[in-house]
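Labels below follow one simple rule: chain letters A, B, ... track the order of the sequence lines, proteins then strands, and each chain is numbered from 1.
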Amino acid sequence: MHKFRTHTCGELRKENVGQTVRLSGWVNTIRDHGGVLFIDLRDHYGITQIVISPDKAFYKNIEHWRVETVLCFTGDVVARDASAVNPKLITGGIELVAETMEVLGESEVIPFQVNKEEECSEALRLKYRFLDLRRKSLHDNIVLRSKVISRIRQLMTEQGFLEYQTPILTSSSPEGARDYLVPSRIHPGKFYALPQAPQQFKQLLMVSGFDRYFQIAPCFRDEDARADRSPGEFYQLDMELSFATQDDVFAVNEKLMSTIFKEFSTKKVDGTPFIRIPYREAMEKYGSDKPDLRNPLIMQDASDIFRTCGFKAFAGVVEKGGVVKTIAVKGCAGQPRKFFDDMVAFAQSVGAKGLGYISWVDGEAKGPIAKFLSADELMKLKSLGGAGDGDTMFFIADTLKGAQSIGGAVRTELGLRLDLLEKDVFRFCWIVDFPMFELDDEGKVAFSHNPFSMPQGGMDALLTKDPLDILAYQYDIVCNGTELSSGAVRNHSPETMIKAFEIAGYGKEVVESKFPALYRAFKYGAPPHAGIAPGVDRMVMLLADEPNIREVIAFPMNQKAEDLLMGAPGEVELKQLRELHIKLNLPKKQEKDAE
RNA sequence: GGGGGCGUAGCUCAAUGGUUAGAGUGCCAGCCUGUCACGCUGGAUGUUGCGGGUUCGAGUCCCGUCGCUCCCGCCA
């Protein structure tokens, strides 16, 4: 007989009755009836009830019968009486009558309960992550993640992709997020950087002739956390295709996303191809480049109606080049006054000076700004928003950028508060035609996204068009308001690359010095190529229906990028620092603390 | 770096500025042969995050600070 087990705790059935078996696992629950002791023994696979008679010799081998102690039982499988069958357990038709027991790993009293999903502070959960990971929901999430990744590899391979590894210790990249740096022992004063993404390597693989690349790639960015952004590291399904157009990338990813989301969820999934929304349209209609299409509300432009109206606050904004955006909401007029006050307060909290609204009740326009508008203006608004009795239109007057961002936030908030979001569905869309350049804070032309993207129209567009009018073959895939991925058709021509950088204010020497590998490679025969990199953690988060990305990561860091289980980041020996030629120059406050 | 929320027993939470800070759960002891979140009886929990202040009196009000979290900035 195997030293630890002949079966798992999720395996035994009626057919096994009469067999002598051995099970090992954690004590999930204990029910002590004096004359008989029931233990639910749990492992990765399930739960099996163990029946223990106190007159057995092993009964005294353990001082405390505690949950989460690891035990090994040997005994006979017995059928339960019909009245004692537990339909909640897959093994509920049988039980194991223990003859012998071995204690494999005793547990102290645990800081929070494993066998129930009671909430507890995340700091405690992270410190005892190994206990948290035993709990069903988190355990299931990690299993789901494994299965999703496995299926992704299969689907990618089926579509002709090969998986390649790229370096973890590489050079710092000049664009993008802050890098994690690793000091070099051999080269005093020099540093490696952990890759923010294998971007340049995957492009180099295309230049190397590998045609279709993918990798479940760790990415490291030293940026602050969000609910959907784990600090430190995260995983991308990184992919790149040679001799491919934007449509080729879309086809691969639509197949992938629809398959994965259908297979690992019971929710409805959009059919392919997914709808495509130009960036400018997304900003106009949804006020966001990652719109949640489950939300039926859209923004419209009412600037022309307010331009000459009697409501000076709005007319003034339009006069100065601003806009008035409106969101029409069906059946909202019946909401109590507090609802509207709360919405105004919300709009102000996201930077609005105010939030106007008009409700139509019994054919009459009501609300704080209605009295400033003529019958004709009201009629035009009503027709614009398709509003009728019982409906409300909200108005935001601001600069174009301001109105879009505030309107986007108001749209989302209205959707949530009024429970307007379509249920049990994954709504996908592509956001396409991102601008190649935009004005930065100082009013200078800068790359708006990836400097390696191919401008639509190529060199010709760079030479002849206003930079701010040039679009890029740059795209995002968005699901339920979550940005899953960003990608682009790459600029693989050294001349076009130099021209693009020139427009952004960088000379040829910048391209040569900052991106030496790509620049050199592109001079020796580069294939046109395109790619994308969906976030694996976010995909699993959506599939697991979790609001927080840490619920799908086995060992996440907290918001301050600390690993409370391992104690990272931590101090190191002075000797290590000396070897790395590093002298600490700590902030004053910390020096005091150290003394 | 900034803003919001939270911080009371191991855990989840309660407690008009007013008696000895409670409940559930967990823990400890006892009882119980069919439970499956077993049940019953009893018991121990505490620097109310920390430091000041106001007050006759502070878990409660004020100031500061620390911790966690959500958001803004940031995330090619």
Side-chain angles (χ1 to χ4, degrees), chain A residues 28-42 47-55 63-68 78 80-89 91-92 95 97 108-128 131-132 172-179 195-197 199-200 219-232 234 345-346 349-351 405 409 434 436-438 440-441 446-453 472 474 483 486-488 490 501 504 514-515 533 535 547-548 550 558-560 562 564 589 593:
Chain A
N28 194 59
T29 52
I30 303 158
R31 293 177 295 280
D32 185 353
H33 289 244
V36 62
L37 182 67
F38 297 102
I39 287 193
D40 283 350
L41 198 67
R42 182 194 76 237
I47 288 177
T48 301
Q49 175 164 281
I50 314 290
V51 185
I52 296 165
S53 169
D55 52 23
E63 199 182 339
H64 294 283
W65 292 93
R66 281 209 182 105
V67 288
E68 299 313 313
V78 171
R80 298 200 197 186
D81 283 349
S83 61
V85 166
N86 183 354
K88 287 190 219 159
L89 294 181
T91 62
E95 58 197 6
V97 177
E108 296 183 6
V109 174
I110 50 178
F112 55 83
Q113 294 310 298
V114 168
N115 59 21
K116 50 185 88 161
E117 296 288 335
E118 186 179 60
E119 294 218 1
C120 80
S121 93
E122 196 155 5
L124 199 67
R125 291 177 55 200
L126 291 173
K127 183 174 172 188
Y128 295 93
L131 291 179
D132 198 16
S172 177
S173 65
E175 299 276 334
R178 272 186 293 272
D179 284 317
Q196 295 184 20
Q199 181 66 37
Q200 296 190 60
C219 302
F220 305 90
R221 295 178 193 173
D222 185 2
E223 294 298 334
D224 289 335
R226 288 289 183 279
D228 64 352
R229 204 166 79 204
S230 188
F234 61 96
F346 171 82
S349 79
V350 293
S405 116
F434 279 83
M436 184 80 193
F437 302 100
E438 63 187 1
D440 65 14
D441 297 336
F447 288 112
S448 64
H449 280 81
N450 187 329
F452 308 121
S453 298
Q474 163 93 37
E483 182 191 315
S486 236
R490 319 297 173 186
F501 273 79
K514 299 287 189 189
F515 308 101
N548 190 302
R550 294 185 296 276
N558 67 5
Q559 192 161 38
K560 285 200 173 153
E562 296 166 317
L564 297 177
K589 202 176 155 196
D593 290 348

Using the six-membered base ring of B:C32, report whether A:His33 stacks on it, requiring centroids under 5.5 Å and planes under 30° apart. no
Hey, is A:Asp224 close enough to A:Arg229 for a salt bridge, meaning N to O under 4.0 Å? no
Identify the nucleotide, in any strand shown, that forms a Watson-Crick or G-U wobble pair with B:G39, with both distances under 3.5 Å; if there is none, say none. B:C31
Taking the nucleotide of RNA chain B with the nearest heavy atom to each, does A:Ala197 or A:Leu564 sit closer to the 5' end? A:Leu564
Selected nucleotide, minimal atom distance to A:Ala84 side chain, candidates B:C27, B:C70, B:G34: B:G34
Look at the side chain of A:Asp40 and decide which nucleotide, out of B:C28, B:G1, B:C36, has an atom nearest to it. B:C36
Using a 4.0 Å heavy-atom cut-off, does A:Asp81 contact any base of the nucleic acid, only the sugar-phosphate backbone, or nothing at all? nothing
So what's B:G1 paired with, Watson-Crick or G-U wobble, going by both distances under 3.5 Å? B:C72
Can you tell me if the side-chain N/O atoms of A:Arg550 get under 4.0 Å from OP1 or OP2 in B:C70? yes
Minimum-distance nucleotide to A:Gln49 side chain [options: B:G67, B:C27, B:G34]: B:G34
Would you say A:Ser53 places a side-chain N or O within less than 4.0 Å of OP1 or OP2 belonging to B:U33? no
Less than 3.5 Å apart, any donor N or O on the side chain of A:Asp55 or A:Ser53 sitting next to an acceptor on the other? yes
Provide the Watson-Crick or G-U wobble partner of B:U54, both distances under 3.5 Å; none if there is no partner. none
Heavy atoms from C-beta onward define the side chain here; which of B:C11, B:G34, B:C70 lies closest to that of A:Glu118? B:C11
Side-chain donor-acceptor pair present, A:Thr29, A:Asn115, cut-off under 3.5 Å: no
Side-chain donor/acceptor of A:Arg226 to base of B:U69, under 3.5 Å: no
Measuring from the side chain of A:Ala177 (C-beta onward, heavy atoms only), which nucleotide among B:C36, B:C75, B:C70 has the closest atom? B:C75
From the options B:C28, B:G26, B:C74, select the nucleotide whose nearest atom is closest to the side chain of A:Arg66. B:C28
Looking only at side-chain N and O atoms, does A:Asn115 come under 4.0 Å of OP1 or OP2 in B:A37? no
What is the pairing partner of B:C11, taking Watson-Crick or G-U wobble pairs with both distances under 3.5 Å in any strand? B:G24
Considering only heavy side-chain atoms of A:Leu124, the closest of B:C36, B:C32, B:C11 is B:C11
Heavy atoms from C-beta onward define the side chain here; which of B:G26, B:C68, B:C70 lies closest to that of A:Asn558? B:C68
For A:Phe38 and B:U35, are the ring centres under 5.5 Å apart with planes inclined under 30°? yes
Roughly how many Å is it from CG in A:Asp224 to P in B:C70, rounded to a whole number? 12 Å
For A:Asp55, answer base if it contacts any base atom (sugar-phosphate contacts may also be present), sugar-phosphate if it contacts only those atoms, and nothing otherwise; contact means non-hydrogen atoms under 4.0 Å. nothing
Which nucleotide sits closest to the side chain of A:Arg178: B:U12, B:C74, B:U69? B:C74
Paired with B:U48: which nucleotide, if any, by Watson-Crick or G-U wobble criteria at under 3.5 Å for both distances? none
B:A37 OP1/OP2 closer than 4.0 Å to side-chain N/O of A:Lys88: yes
Have a look at A:Glu95 and say if it touches a base, only the backbone sugar-phosphate, or nothing, with a 4.0 Å heavy-atom cut-off. base
Side-chain contact check for A:Cys120: nearest option of B:C11, B:G73, B:C36 is B:C11
Assert: residue with more 5' nearest nucleotide on RNA chain B, out of A:Asp228 and A:Phe112, is A:Phe112
In Å, rounded to the nearest 0.5 Å, how long is the span from NZ of A:Lys127 to CD of A:Glu122? 15.0 Å
